[in-house]
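Naming: A, B, ... by sequence-line order, numbering from 1 per chain.
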2 protein chains.
Amino acid sequence: MIKIFHSEFLIISNIFNYSKITKLFFDLDKKEDILKTALDLFVKSGFHATPTSKIAKEAGMANGTLFHYFKTKEELIIALYTEHQNCFTAFIHTNTISDESLKHMFHSFFSSSINWINDNKSAFQFMQQFTLSPFYQFISKEYINKQDSLLVELLQKGIEEEILKKLPLELLRTLINSHIIGINSYLSTQDMSAEHSNMIIHQSFSLLWDMISL
Amino acid sequence: MIKIFHSEFLIISNIFNYSKITKLFFDLDKKEDILKTALDLFVKSGFHATPTSKIAKEAGMANGTLFHYFKTKEELIIALYTEHQNCFTAFIHTNTISDESLKHMFHSFFSSSINWINDNKSAFQFMQQFTLSPFYQFISKEYINKQDSLLVELLQKGIEEEILKKLPLELLRTLINSHIIGINSYLSTQDMSAEHSNMIIHQSFSLLWDMISL
DNA sequence: GTCTATACGTTGATAGAC
DNA sequence: GTCTATCAACGTATAGAC
């Protein structure tokens with residue numbers, strides 16, 4: 001990856017670190033090479049069925065070099081999770097437009113979530129695998145709550161303003177997240193045009209809104 | 001496990017094979033010992049982080065004995081998945097009551113799903129892990145569709161009778177399944193009385209119905 | 001059917017030269 | 001920082017006695 005186009009540049013720089021944009025035109029950091037390769041292999045074969053030796057090899061470096069950047073395999077797996085989770089959250093925060101209408105804000109929150117997931121399918125699948133794995137217990141409650149803080153804020157406002165049904169915050173939060181996962185699962189298995197896909201996303205938001213709004 | 005109580009008996013006989021009920025009062029089949037132990041360990045540590053030697057040991061048998069019942073570890077994992085998936089489907093089929101009202105049928109379908117999942121938390125978590133893993137590709141499309149046939153039938157009827165919104169069947173199916181997973185996730189993380197839990201299940205069905213019905 | 005013993009490959013991680 | 005060489009431990013699966 002020596003040269004990349006503008007559109008790819010935006011996506012990739014989004015996944016990784018904005019401060020390292022300039023390096024992208026020449027070479028990614030070794031650390032990022034590892035993370036990128038590990039993601040592909042983990043999604044293809046699972047954490048434990050993917051040896052560190054294979055990651056290093058496919059990332060074009062020696063076995064020992066990988067352990068220079070990550071002390072253990074576990075550290076690598078957890079770093080990979082937080083890397084993408086942070087990216088996901090950052091994307092949603094910058095793409096959820098502020099608006100007088102709460103419904104519009106929910107809509108843009110919803111669309112940006114779906115869009116990120118769609119542009120980062122592997123990352124999202126890995127994050128789901130991770131969430132169900134024993135590694136997840138090493139992620140603090142505080143971190144998890146922080147990631148969902150924007151959604152919780154919106155929900156709180158919605159309930160206060162009597163736009164949303166008066167239900168436990170946690171329940172609403174969980175149902176919305178499940179809904180988003182479901183839409184993603186549908187969009188991934190069906191083979192459709194971008195246009196049709198957008199229509200489904202729009203429809204799905206209406207469904208979600210019918211469910212949670214008064 | 002020499003003697004078990006009636007309630008446990010019902011749950012366990014439900015998980016495994018009805019034709020082997022009589023054996024339960026003395027000893028489970030070795031094969032079922034393996035499956036039961038493997039489930040616990042897989043949920044605790046994941047497929048690959050759980051060695052077959054540990055499964056055999058905890059199931060109270062020699063390493064070689066395990067391989068007498070399952071030729072490979074992969075075969076064991078896949079058998080474990082279908083075992084529980086079959087049980088889940090069977091439970092829903094017998095517990096979804098026939099009724100003139102489609103809404104009532106949906107409600108009982110929904111409740112039985114939630115109830116089974118709640119009584120078989122480990123099994124369900126394993127099934128989700130499995131679904132996201134590379135092993136899932138070994139499960140045929142036909143098998144998957146067959147498992148969801150009751151829901152699809154209900155949905156078809158609902159759309160024909162203009163009770164449900166006219167949306168792609170697959171989309172509805174996926175959204176309902178995600179909703180159920182979400183409710184389960186909420187019920188699992190919160191600590192509540194059976195009474196309160198039932199109330200949430202009831203409310204959640206209303207939400208689902210608001211979403212999919214006209 | 002069940003056990004013991006073991007073959008044989010693989011893996012995570014380290015040491016030390018460059 | 002990166003590589004090569006290496007190791008000790010482990011994991012799947014088999015062979016063969018009982």
Q: Table please: side-chain donor-acceptor pairs of residues 188-203 of chain B below 3.5 Å, with sequence neighbours left out.
A:
| unit_1 | atom_1 | unit_2 | atom_2 | d |
| --- | --- | --- | --- | --- |
| B/S188 | OG | B/N184 | O | 2.8 |
| B/T189 | OG1 | B/S185 | O | 3.0 |
| B/T189 | OG1 | B/Y186 | O | 3.1 |
| B/S193 | OG | B/H196 | N | 3.1 |
| B/N198 | ND2 | B/A194 | O | 3.4 |

Q: I'd like to check the ring pair (Phe, Tyr, Trp, His ring centres under 6.0 Å) partners of A/F124; sequence neighbours left out, ordered by chain and number.
A: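 Applying ring pair (Phe, Tyr, Trp, His ring centres under 6.0 Å) to A/F124 gives none.
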Q: Going by ring pair (Phe, Tyr, Trp, His ring centres under 6.0 Å), name the residues that satisfy it together with B/Y69, two or more places apart in sequence or in a different chain.
A: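 Ring pair (Phe, Tyr, Trp, His ring centres under 6.0 Å) list for B/Y69, sorted by chain: empty.
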Q: For each nucleotide in nucleotides 7-13 of chain C, reading 5' to 3', give B when a protein heavy atom comes within less than 4.0 Å of its base, S when such contact involves only the sugar-phosphate, and - otherwise.
A: ----SBB
Q: Hey, does B/Y69 reach any base, or is it just sugar-phosphate, or nothing, if we go heavy atoms under 4.0 Å?
A: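 Contact class for B/Y69: sugar-phosphate only.
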Q: Among pairs that include at least one residue of residues 128-154 of chain B, which meet salt bridge (Lys or Arg N to Asp or Glu O under 4.0 Å), considering only residues two or more places apart or in two chains?
A: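 Pairs touching residues 128-154 of chain B that pass the test: B/D148-B/R173.
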Q: Taking ring pair (Phe, Tyr, Trp, His ring centres under 6.0 Å) as the test, write out the residues that go with B/H48, two or more places apart.
A: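 So B/H48 forms a ring pair (Phe, Tyr, Trp, His ring centres under 6.0 Å) with B/F135.
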Q: Does anyone know the first and last nucleotide of DNA chain D in reach of chain A, 5' to 3', at under 4.0 angstrom to a heavy atom?
A: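 Range of nucleotides within reach of chain A: D/dG1 to D/dT4.
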Q: Using the salt bridge (Lys or Arg N to Asp or Glu O under 4.0 Å) rule, collect all pairs that involve residues 65-76 of chain B, keeping only residues at least two apart or in two chains.
A: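 Every pair satisfying salt bridge (Lys or Arg N to Asp or Glu O under 4.0 Å) with a residue in residues 65-76 of chain B: there are none.
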Q: Kindly state each residue pair satisfying salt bridge (Lys or Arg N to Asp or Glu O under 4.0 Å) with at least one member in residues 41-63 of chain B, sequence neighbours excluded.
A: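 Salt bridge (Lys or Arg N to Asp or Glu O under 4.0 Å) check on residues 41-63 of chain B returns no pairs.
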Q: Would a line drawn from the ring center of A/F126 to the ring center of A/F47 be shorter than 6.0 Å?
A: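 That pair passes the under 6.0 Å test.
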